[in-house]
Amino acid sequence: MSRRIRPSAAPTVRIPRQRGGQPVIVVLGPEQEPTLTARAVAASGRWLWKHRRTWAPTGLAVVLLAVTGLVHLIEPRTAWVLAPIRCLRPELRPRAPERPVHGVGARSGK
């Protein structure tokens with residue numbers, strides 16, 4: 001073994017001695033640096049993975065939006081089936097926020 005110092009990132013290739021044959025020549029080129037696009041995608045992926053619990057509701061909403069669009073492409077009359085179901089079941093209707101009533105007929109607070 002030689003005593004020279006090798007860079008830590010240099011690959012090491014061990015080739016056994018060949019008997020009576022041609023010497024083996026291995027050419028190693030420099031590693032390619034990732035492109036700017038690859039670096040940006042990797043950084044975005046790491047950031048999304050780190051904040052995945054925060055973005056989960058948004059991801060679910062996007063998936064449901066895509067499913068809704070697909071259902072309406074397949075069957076546009078789906079709304080005519082689902083709208084009466086929503087009207088018949090009061091727990092599915094959105095509720096208006098309750099506001100205090102001022103003026104005529106309001107309680108006096110006693």
Side-chain angles (χ1 to χ4, degrees):
M1 284 298 287
S2 66
R3 293 183 155 251
R4 66 186 178 118
I5 299 172
R6 294 183 182 151
S8 62
T12 303
V13 178
R14 298 188 188 279
I15 300 173
R17 292 183 181 243
Q18 304 293 316
R19 293 185 189 158
Q22 296 276 340
V24 177
I25 299 173
V26 177
V27 178
L28 298 175
E31 293 184 21
Q32 290 184 349
E33 300 241 349
T35 62
L36 186 59
T37 305
R39 291 174 63 185
V41 168
S44 299
R46 282 189 300 269
W47 184 82
L48 283 172
W49 183 253
K50 183 178 178 182
H51 296 91
R52 65 189 180 273
R53 296 188 81 185
T54 306
W55 284 98
T58 305
L60 179 62
V62 169
V63 168
L64 290 177
L65 179 65
V67 168
T68 303
L70 183 65
V71 167
H72 283 291
L73 279 175
I74 294 171
E75 183 59 48
R77 294 176 296 272
T78 307
W80 294 105
V81 174
L82 297 178
I85 294 172
R86 185 172 180 191
C87 290
L88 293 175
R89 297 189 60 193
E91 66 270 7
L92 296 179
R93 283 190 229 150
R95 296 183 184 180
E98 296 182 18
R99 296 187 221 158
V101 180
H102 300 288
V104 181
R107 294 184 181 178
S108 60
K110 290 184 181 180

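Within a 6.0 Å sphere centred on CH2 of Trp47, other residues, nucleotides and ligands contribute more than 12 heavy atoms.
For Arg52 and Trp49, the positive end sits near the middle of the six-membered ring, less than 6.0 Å away and at most 45° from its axis.
For the atom pair CD1 of Ile74 and CG of Leu70, the computed distance is 4.0 Å after rounding to the nearest 0.5 Å.
For Arg77, the side-chain hydrogen bond (donor to acceptor under 3.5 Å, both in side chains) partners are Glu75, not counting sequence neighbours.
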